[in-house]
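Here the structure comes first, spelled out in structure tokens, and everything after it is commentary.
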Amino acid sequence: MECYPAAKYGGLGDVVGALPIYCNRAGTGTSVIIPKFGTKWLNQRQYREVFAQHIKLGNEYVWFAIEEVVDANLGFPLYVANIPGKFDRPGIYGDPGLPGQGGGWYGDEVERYLCFQQAVLKWVVDMKWKPEILHCHDHHTGLVPFMVKHCPEFRSLRNMPTVFTIHNGAYNGAFSWRNIHLLPYFDAGARGLLDWGDTICPLAAAIKCCWQFTTVSPGYLEEIKHDANGLEPLINSELHKARGIINGIDTELWDPTTDQMIAHRFDGKDIAAYKEKNKNRLLDKFRVIPHLPIVTFIGRLVREKGADLIPDTIFKALGSGIKASFVILGTGDKKMMETFAGMKNQLPGYFDVALEYNEALAHQLYAGSDFLLMPSRVEPCGLNQMYACRYGTVPIVRSTGGLRDTIPDIGEKGGRGIRFDNFTVDDAAMAIYRATRVFSNGEIMDGLRERIMQADFSWESSAGAYIEMYEQLT
Ligand code: GLC
């Protein structure tokens, strides 16, 4: 459903917009297809139609066309499935601006994802030169591995290897068996492959039917063996075809020496001056006391990311005399947005917030903040901690999933940040206290910034791991 810069809601978009660039550079020709959303970027593009047909969705005939974007230089060919009535809306999962982002999604996601997946497969069936592998991302495309194996209509693709990547196992896309008439005709004996807990569960079906599944960090794969919203037995029984491959980041897009979205670029030498100038720019926008370290949170204001732990942690930290100020950038759960808006008045000078999705401001925050707080409940990989490192902002993370894999604690060799184990206000506040101690020692802080800015989070090695897997499958 996502591919930066065409359509992005979270890290899924970053990954699908970057991995193909590095696959192509390594000689593994990779194209991307997403739905044709009504996003600004997609509305401004030019297209060439490559295929058109219709889908039977229950009693409805849905027309679609596959189009190639012809005026973008992304590093990979980008195709879109133009499905009028289903995807030509401003948002990806819900309208932007509505309480939607986090709460009220578009109500017809079952129909939308079913249409998209079938449109893609009908096109692939028709292709003269077929891809060697279909790599699907998250539950929205979780029925593809099932369909190629068990729908007579797609029988010509049944030997095509499918890879399925779990970016976020917390969402499984399950829907009621009452919707079965919306699915394309499939072999009756395959019914059980769709089922999990008496629902049609795309995530479960994907894990059962794909040739190989991956998680976006090795640590997260370990975790879902024990905790996967009820899917643990399935994960464990299919473990022989699982791999954990850590995400990289696009180090050209996220480069403080060339980034056009930040006020002052890093000259490659003077880290302190680069940080200070960018921090001053932040002080124009956010009302916080200048000499205090800025601890920032950037991301979706949802439970999964631990956003609900932040208010009490801030009150606890400030109440116990910890000297720091806090800045939040993001949208999400309506209640949380109200809480943060209220805190702005309660904690003048110590707290400020921008309740919006703003890519440029995010870049400026990475450049100008001192610490990035990521108290995630679950974090399959997490990219923000890597962006932060690259911009010299020290991550404060909960030890989970990809955060644990990428950010060793400063108490360990090669430490990159401050970690805490338990999802509690006390532990998070203690981590912030430790951060302020580091901040107060200029020499330690400088050394740490230098080290994290040099850390290698590039895509090359991760793309290599995917390519190795693709080669084994073909
Ligand atoms: C999801 C996960 C996040 C991961 C991203 C990209 O958004 O929640 O941890 O980094 O996907 O794989």
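As the structure lists them, so they are numbered: ligands from 1, and atoms in each ligand from 1.
With ring centers used as reference points, Phe87 lies under 6.0 Å from Phe37.
Legend: side-chain hydrogen bond (donor to acceptor under 3.5 Å, both in side chains) pairs involving residues 160-170, not counting sequence neighbours, sorted by first then second residue: His135-Thr165, His137-His167, Thr165-Thr214, Asn168-Glu304. Residue pairs meeting the ring-ring contact (aromatic ring centres under 6.0 Å, His included) criterion with at least one member in residues 215-261, sequence neighbours excluded: Trp254-His363, Trp254-Tyr366, Trp254-Tyr387.
Phe420 meets the ring-ring contact (aromatic ring centres under 6.0 Å, His included) test with no other residue; sequence neighbours excluded.
The closest side-chain heavy-atom distance from Pro256 to Arg390 is below 4.5 Å.
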Give me the pairs of N or O atoms, one from ligand 1 and one from the protein, that sit under 3.5 Å apart.
from	atom 1	to	atom 2	distance (Å)
ligand 1	7 (O)	Arg300	NH2	3.4
ligand 1	8 (O)	Lys305	NZ	3.2
ligand 1	9 (O)	Glu379	OE2	2.5
ligand 1	9 (O)	Pro380	N	3.4
ligand 1	9 (O)	Cys381	N	2.9
ligand 1	9 (O)	Gly382	N	2.9
ligand 1	10 (O)	Gly382	N	2.7
ligand 1	12 (O)	His167	ND1	2.6
ligand 1	12 (O)	Asn247	ND2	2.8

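In this structure, Arg112 forms no cation-pi arrangement with Tyr106, as its terminal cationic atom is not both closer than 6.0 Å to the ring centre and no more than 45° off the ring axis.
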